[in-house]
Amino acid sequence: MFNDVYDVIVVGAGHAGSEAAAAAANMGSKTLLITMNLQNIAQMSCNPAMGGIAKGQIVREIDALGGYSGIVSDTSAIQFKMLNKSKGPAMWSPRVQSDRMRFAEDWRLLLEGTPNLDFYQEMVSGLIVENHKVVGVKTSLGIEVRAKSVVLTNGTFLNGLIHIGNKNFGGGRAGERAATGITEQLREFGFESGRMKTGTPPRVDGRSLDYSKMVEQPGDEKPEKFSYLDTTSILKEQRSCHMTHTSQLVHDLLREGFDRSPMFNGRIKSVGPRYCPSIEDKINRFADKDSHQLFVEPEGWNTCEVYVNGFSTSLPEDIQFKALRSVVGFENVKFFRPGYAIEYDYFPPTQLKHTLETKLVEGLYFAGQINGTTGYEEAASQGLMAGINASLKVQEKEAFTLQRDEAYIGVLIDDLITKGTDEPYRMFTSRAEYRTLLRQDNADFRLTPKGYQLGLASKKRLDRMQIKQSKSDAFVQFFRDTSVTPAEANPVLEAKSSAPVKQQDKMFKLFARPNITIDDVRKFESVENFIQSNELDTEVLEQTAIQVKYSGYIEKEKNNADKLNRLENLKIPAGFDYTKLKSMSMEARQKLTAIEPVTISQASRISGVSPNDISVLLVYLGR
């Protein structure tokens, strides 16, 4: 069946694998996507949602580069919210509730419509490696498929172990078997591995809930969307979520099962996600709180299945049921299935290069939870970058990486390979030192030209971005050039309790005031005429407002990024021997030898490497 040699084989068809396969195939590489069950391509294993704090920025970045996650998020959305709107635009984060079944279907249809992409359903049990270079994979049926590069996106399937109370059984996801063989082989090659844990809440029957006792959580009145393309649409109708709370009674009932909890009786030894703790972990760690929020999220447009966000648990099913029936609105709840925890193998990502290629085996790439991350969005972005770089390597082209001031994707990968992680890593806006530059609204400006050069972003997408950028730049320049008299300005300013002006002033200065909005400046006839004559849409108006109001902050961050990028351009020779730098601390020498940073800037971000150690290195390199 497989006489041809593929350019790229992608193992696993979750969010990382789907993006990796699409990227490689769209860049012209002959690609094979192998997964254990083709019916579960791009399955939303946990919550039925895409985006959120910092995650929404990542989805926008994937879309800007030419990936598919933003498009599928739009076509399968049932609700849209822009989170953190009360804060500055660097914090604004788009999020959608998704129709779980439609999300997976839309992803599959997109992949099936992608040229150069083949599919095969079977478990990959090992790699074929010759002279420290991957040359293919072996399946559980003994079939060998040859390839010039391989991307592993195994999710939670590597020796996956599911826990519900005292019961545990092998599995990569509820109802699916675990994958075996790959971990053991990678260890033989010299890779270091570890175990991580994640969990999921019960799924319940929405017909058994009393929503009248809960607080409705509707979507935005004026919803937006993820993709910058005009081929997806803004939602015309939305489904609401609901919110309820646990209580002291619920907590007491949960505690009754702590002696049978795998978290507390030692059965689970691995580390779970700090920022998405189980309900038993929450009531144990925050014993002073007598209530926690629960978000009741529909799984789709027409299904009655409901996801209980905030009630992730591995407690015995009888405890889960009894406790949840004591939650307001859940008095008559019926379960579709109980929550569970899952332990799985991962490989500390310090064993990777910035391209996500492994240091030990050439042509082998890791993406997603195998690298210790958590979340669909983090996985998808890694899959995209791994697929891009696997394709570029086969085509003997220069590798593609993103720096920390260019994208959240750049921050994510740099954090992973430079600092590593010993707990499931998730992205936050606070992890990005240049978050004013890395906003969700300008991801297309930052990344679409790069996506076009790679052959992922279409000419239509690039043209659309350039039109938006030129219109925004022209509008900003209009505010810089146009003056307004006190007679024109003061009625608008006084209406907003803003100090009046005593002389003619530039409109840019007035618009930059914190309490003056785009709607306020549209009251000036010249502004409204400019908007109408240039046909400026909401995207351009929002982009212009941000550029005017935050111009000082944006300029400052650009300057800081430029300074750091000078260190990014200072390369460290490959195979550099740190042991000869006796003036450097022993810890720094060990860390630098293990991680093998490519630049001085990357070296400076490694935990345990001090500014003095960097000075020693700079002196030695003649700087």
- Message: Run Glu433 and Arg404 through side-chain contact (heavy atoms from CB on, under 4.5 Å) and show every step you take.
- Response: CA-CA 8 Å; Glu433 57 270 52; Arg404 295 181 73 91; 2.9 Å; yes
- Determine, stepwise, if the pair Glu19 / Ser69 fulfils side chain to side chain donor-acceptor pair (under 3.5 Å). CA-CA 8 Å; Glu19 285 288 5; Ser69 287; 2.6 Å; yes
- Query: So Glu568 and Gln403, side-chain contact (heavy atoms from CB on, under 4.5 Å) or not? Walk me through it.
  - Reply: CA-CA 9 Å; Glu568 204 68 60; Gln403 295 184 9; 3.6 Å; yes
- Message: Please evaluate residues Leu392 and Leu454 with respect to the criterion side-chain contact (heavy atoms from CB on, under 4.5 Å), reporting the C-alpha separation (whole Å), side-chain torsions for both, the decisive distance (0.1 Å), and the verdict.
- Response: CA-CA 9 Å; Leu392 289 172; Leu454 289 166; 4.0 Å; yes
- Task: Please lay out, stage by stage, how Arg95 and Gln97 fare under the test side-chain contact (heavy atoms from CB on, under 4.5 Å).
- Result: CA-CA 7 Å; Arg95 182 183 189 270; Gln97 285 295 133; 2.7 Å; yes
- side chain to side chain donor-acceptor pair (under 3.5 Å) between Ser498 and Arg513, worked out: CA-CA 8 Å; Ser498 191; Arg513 294 188 182 191; 2.7 Å; yes
- Test Phe157 against Tyr344 for ring-ring contact (aromatic ring centres under 6.0 Å, His included), laying out the working first. CA-CA 6 Å; Phe157 281 76; Tyr344 55 94; 9.9 Å; no
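By the 4.5 Å heavy-atom criterion applied to side chains, Leu109 and Trp107 are not counted as neighbours. Residues Gln293 and Thr244 fail the side-chain proximity criterion, which asks for heavy atoms closer than 4.5 Å. Residues Ile78 and Pro298 have side chains in contact (heavy-atom distance under 4.5 Å, counting atoms from C-beta outward). Using a 4.5 Å heavy-atom threshold, the side chains of Met507 and Val527 count as touching. Using a 4.5 Å cut-off on side-chain heavy atoms (C-beta onward), Gln382 and Thr153 make no contact. Within the 4.5 Å cutoff, the side chain of Glu539 has no heavy atoms near those of the Glu224 side chain. No side-chain heavy atom of Met196 sits less than 4.5 Å from a side-chain heavy atom of Pro273. Between Arg173 and Asn40, some side-chain heavy-atom pair lies under the 4.5 Å cut-off.
Residues His15 and Phe103 place their aromatic rings such that the two centres sit under 6.0 Å apart.
Annotation: the span from Glu406 atom CD to Leu447 atom CG amounts to 7.5 Å, rounded to 0.5 Å. The SG atom of Cys304 sits 9.5 Å away from the CG atom of Leu209 when rounded to the nearest 0.5 Å. The CD1 atom of Ile41 lies 5.5 Å from the CG atom of Leu33; values are rounded to the nearest 0.5 Å. Note that CD1 of Ile53 and OG of Ser93 are 4.5 Å apart. Values are rounded to the nearest 0.5 Å.
Within a 6.0 Å radius of NZ in Lys523, other residues, nucleotides and ligands contribute more than 12 heavy atoms. Few gaps surround CE on Met82; more than 12 heavy atoms of other groups in view lie less than 6.0 Å from it. Applying the 6.0 Å contact sphere to CZ of Arg274 captures no more than 12 heavy atoms from other residues, nucleotides or ligands. Taking a 6.0 Å sphere around NZ of Lys496, one finds it holds more than 12 heavy atoms contributed by other residues, nucleotides or ligands. Atom OH of Tyr434 has more than 12 heavy atoms from other residues, nucleotides or ligands within 6.0 Å.
Remark: side-chain polar atoms of Lys55 are not paired, donor with acceptor, to backbone N or O of Glu378 under 3.5 angstrom. Remark: side-chain polar atoms of Ser470 are paired, donor with acceptor, to backbone N or O of Gln466 under 3.5 angstrom. Using a distance-only test at 3.5 Å, with no hydrogens or angles considered, no donor-acceptor pair links the side chain of Asp415 to the main chain of Leu412. Put simply, the side chain of Ser472 never gets that close to the backbone of Lys468: no donor and acceptor are under 3.5 Å apart. Counting only distance, with no hydrogens or angles, the side chain of Asn26 and the backbone of Ala22 share a donor-acceptor pair below 3.5 Å. Proximity of a side-chain donor or acceptor of Glu105 to a complementary backbone N or O of Met101 within less than 3.5 Å is not detected. Judged by distance alone, with hydrogens and angles left aside, the side-chain atoms of Asn371 form no donor-acceptor pair with the main-chain N or O of Thr373 at under 3.5 Å. No side-chain donor-acceptor contact under 3.5 Å links Asn284 to the backbone of Glu280. Put simply, the side chain of Asn565 gets close to the backbone of Ala561: a donor and an acceptor are under 3.5 Å apart. Glu61 places a side-chain N or O within donor-acceptor distance of the main-chain N or O of Ile409, the cut-off being under 3.5 Å.
A cation-pi arrangement is found for Arg480 relative to Phe508, the charged atom lying closer than 6.0 Å to the ring centre and inside a 45° cone about the ring normal. Judged by the 6.0 Å and 45° rule, Lys85 forms a cation-pi pair with Trp92. Both the sub-6.0 Å distance and the 45° axial angle are satisfied by Arg431 relative to the ring of Tyr425. A cation-pi arrangement is present between Arg60 and Tyr228 under the rule of less than 6.0 angstrom and at most 45 degrees off the ring axis.
Checked by atom type, the side-chain pair Gln543/Arg439 shows a donor-acceptor distance below 3.5 Å. Between Gln369 and Thr156, the side chains place no donor N or O within less than 3.5 Å of an acceptor N or O (distance only, hydrogens not considered). Counted by atom type alone, Thr429 and Arg435 present zero donor-acceptor pairs between their side chains at under 3.5 Å. Between the side chains of Ser607 and Lys419, no donor-acceptor pair of N or O atoms lies under 3.5 Å. Using modelled atom types and a 3.5 Å distance limit, the side chains of Gln79 and Ser240 yield no donor-acceptor pair. A donor atom on one side chain and an acceptor atom on the other are not found under 3.5 Å apart for Asp106 and Ser76. Judged by distance alone, the side chains of Asp414 and Thr418 do bring a donor and an acceptor atom under 3.5 Å apart. Side-chain atoms of Asn389 and Thr355 include no donor-acceptor pair closer than 3.5 Å.
Legend: side chain to side chain donor-acceptor pair (under 3.5 Å) pairs involving residues 301-311, not counting sequence neighbours, sorted by first then second residue: Glu297-Asn309. Residues in residues 367-376 take part in no salt bridge (charged side-chain N to carboxylate O under 4.0 Å, His left out) pair, two or more places apart or across chains.
Listed by chain and number, the residues in a ring-ring contact (aromatic ring centres under 6.0 Å, His included) with Phe530 are Phe475, Phe478 (sequence neighbours excluded). Among residues two or more places apart in sequence or in another chain, the side-chain hydrogen bond (donor to acceptor under 3.5 Å, both in side chains) test is passed with Thr436 by Glu557. Partners of His242 by ring-ring contact (aromatic ring centres under 6.0 Å, His included), not counting sequence neighbours, listed by chain and number: Tyr211. The ring-ring contact (aromatic ring centres under 6.0 Å, His included) search around Phe511 returns Phe479, not counting sequence neighbours.
Here the rule is salt bridge (charged side-chain N to carboxylate O under 4.0 Å, His left out) with Asp463, and of Lys460, Arg461, Lys459 only Lys459 fits it.
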